[in-house]
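Working notes, beginning with the structure itself.
Counting starts at 1 for both ligands and their atoms, following the listed order. Position 1 is the first residue of the sequence; numbering continues from there.
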Amino acid sequence: MLQESKIPERISRLEELANNLWWSWHTQARALFRTLDYPLWRLSGHNPVRQLHEISSDKLATAVADPAFIKLYDSVMSAFDADMSDRGSWFSGKYPNVLHGPVAYFSMEFAIHNSLPIYAGGLGVLAGDTCKEASDLGLPLVGVGFMYPQGYFHQHISAEGWQEEHYSQLDFDEAPINPVNPVHRSKWCGPLVQIRLGDRLSHIGVWQVRLGRVNLYLMCCDVEGNIPEDQQLCARLYTADPEQRIQQEIVLGIGGVRVLRALGIKPSVWHANEGHCAFMMLERVREEMERGASFAEALRNVQAATVFTTHTQVAAGHDIFPVSLVEKYFRTYWESTGINRETFLELGRQDGASDQAFNMTVLGLKMAGHRNAVSQIHGRITRKMWHGLWPEVKEDEVPISHITNGIHTPTWVAREMGGVYEKHLGHDVSKRYDDTTLQELVINIPDEELWAVHQVLKRKLIGAMVERARQCSTERECKARQVLAMGSLLDQDTLTIGFVRRFAAYKRPELVFHDTERLKRIVTDRWHPVQIIFAGKSHPADLPSKQLLHDVYTLATNREFQGRIAFVEDYDIHMAHYLVQGVDVWLNTPRRHYEACGTSGMKAAGNGVLHLSVRGGWWHEGYNGANGWVIQDEVEAHDPGEEDTSDAKTLYRLLEEEIVPLYYQRDRNGVPHGWVHMVKEAINSIVPRFCARRMLKEYIEQMYIPAARK
Ligand SMILES: *Cc1c(COP(=O)(O)O)cnc(C)c1O
């Protein structure tokens, strides 16, 4: 690209492919880089940009001379070209000429691949999965977000069980990003647009990421001409300081609109993924008023073309700024448009709440004409929560609908499992995961085959954990306790439960330890033992959550559990792949009505991992009585303590009476047919409904097309 290429002409498009993350969700394309230089592929962290930087000319020469490699190369490139052209896509076939410009999708974080660590959790995964699916469906979409050179932190756990945070600086030259406006020979961003941050002007540079047909524009404040404070502004995701947060959100919302304008992109629909990006609606009102519209007209026009998705149903989860900060950063802004202070502040004011608070969710709800929650139950709770904004209608008529989240199945299904699906469901299954008739064919997969693939994936997970434990003990000089906690005593043949998610009190990671004696009996049963794998990060500023992590770690490493409980450090999308693909049961125990949807259980289901969860979020819609287990409210709980006790009892009972016996009930060859039947039922009932393909089609039909038509 910027340098002379050392790649032979015959395979020169490897570079183009490496710079389009399309490769990351296509099995053959991954195989291409894997076979090119396997050790380097692993050493580079599955990052082809870095791999091509470091690869030797010998390896390249060998590849060019290998007919099998050339055949694979040609096949990948023709699939790539077919996907990159607009002809024959689902969207262009079904809705020709409906959108006059792309959907602009704004999000604070995007989780796409480990080589781009600019996400913290589920919100980012949803955004990344949405972009990939948009490319697959042929929906014109551009993403707008941030380039955080230090991203989110890496997690180590000390021998005493305390989370330690480490930040590393991304090497731009080895990331799958390119500057939109390069100012140096190496990768570096030049300023593209300006925004006002309080009393100063700040420059924004932009990186481009290619995801198939979708372009993602990541803003960067570390550009020449900015004061050091601004250069550092976007270094990290989710800083705790509210002033930095509001500055970041101004860059995202207002800067994001200006970036699209500067690039000549004319969106027909604007989608805000959560409240962090709601300032983009304000900027568009300002633009309309600059062109002569009244505030009321401008607001109406912006509402008509704007979609807002809310993800949070916990009051503390909303993004709220003190009015004093809003005054500081927006006074000049509203004065320049002619909006008065009161009108401006009213946009973020929650009915009945303090008038000193400016709520970003309220701003989004008021300024977007198309609003949705992310699951059926979340829709109901959200309508109740925001009834005050629409006092004139009944609660169930509050204009917030729901579209249940889904996962980008080709990203999350293991290569080995995908191979089984292709063999038995059809070679084009990866483009038809939302086809319910196709998924019914799962029943035809021989039990032995499905079980054998699951064993392979489980072995990979345990292998990866043991490898980390080995590295920890040699390179970081970890103590024996840490090596044990990392899973060095895990066993392939033992029923394995995963509890893997952000550490937050409402997710109740400690619930399974409610009665340690009973848990001990379950875990250490001589003939039918159980293993539990924990993983998850605490937000660095969330001290109660760090304490919780410490408590869980301490319990897990208690010798009496015989090394059957493990804690995987530094949960990220790479480790998430191993975990959702390799455990037997996916455990989810949030306090009722705290989890808006959840998606990790959907990833597990796609890999034949059974879900054991409280009824809530997506599982309320997904559970059918035969595709996993639900932790029901057996008694009406009156307080959180009662709820914990009741749920823990149900959890133990399900494990003792249903899950453990079913898992260990084997035929002569060791295959648990009853278990595998349940797995098939889970795949058949969950995969077609909880995939991003179904989800994005609903966004298109219920949100984007109506928004584009107005
Ligand atoms: C899927 C995923 C999440 C979201 O998990 P939930 O617990 O379902 O909200 C978070 N982090 C990573 C790394 C993921 O892959």
Quick one about [Y] and [X] (side-chain donor to acceptor, distance below 3.5 Å, no hydrogens or angles considered), yes or no?
X	Y	result
Gln244	Thr239	yes
Asp435	Gln439	no
Tyr506	Glu595	yes
Asn359	His318	no
Asp570	His166	no

Find all atoms of ligand 1 within a distance of less than 4.0 Å from any non-hydrogen atom belonging to [X], and give their numbers and elements.
X	value
Ala576	15 (O)
Arg501	7 (O)
Asp572	13 (C)
Gly598	8 (O)
Gly121	10 (C), 11 (N)

Open item on the list: Can you tell me if Trp618 contacts ligand 1 (heavy atom of the residue under 4.0 Å from the ligand)?
Closed with: no

Can you tell me which residue and heavy atom of the protein come closest to [atom], and the distance to 0.1 Å?
atom	answer
atom 12 (C) of ligand 1	Tyr571 OH, 3.3 Å
atom 10 (C) of ligand 1	Gly122 N, 3.5 Å
atom 15 (O) of ligand 1	Lys603 NZ, 2.6 Å

With distance as the sole test, does [X] use its side chain to make a donor-acceptor pair with the main-chain N or O of [Y] at under 3.5 Å?
X	Y	value
Asn627	Gly622	yes
His550	Lys546	no
His577	Ile573	yes

Side chain or backbone of [X] under 4.0 Å from ligand 1, or both, or neither, by non-hydrogen atoms?
X	value
Trp412	side chain
Ser600	both
Val580	neither
Val125	side chain
Lys507	side chain

Open item on the list: For Arg468, I'd like to know if atom CZ has over 12 heavy atoms of other residues, nucleotides or ligands within 6.0 Å.
Closed with: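 For Arg468, atom CZ is crowded (more than 12 foreign heavy atoms under 6.0 Å).
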
Task: Close N or O approach (Thr599, ligand 1; < 3.5 Å) - done: yes

Open item on the list: Pair Arg689, Glu621 - check side chain to side chain contact (heavy atoms under 4.5 Å, CB included), show working.
Closed with: CA-CA 10 Å; Arg689 284 174 61 206; Glu621 296 157 59; 4.0 Å; yes

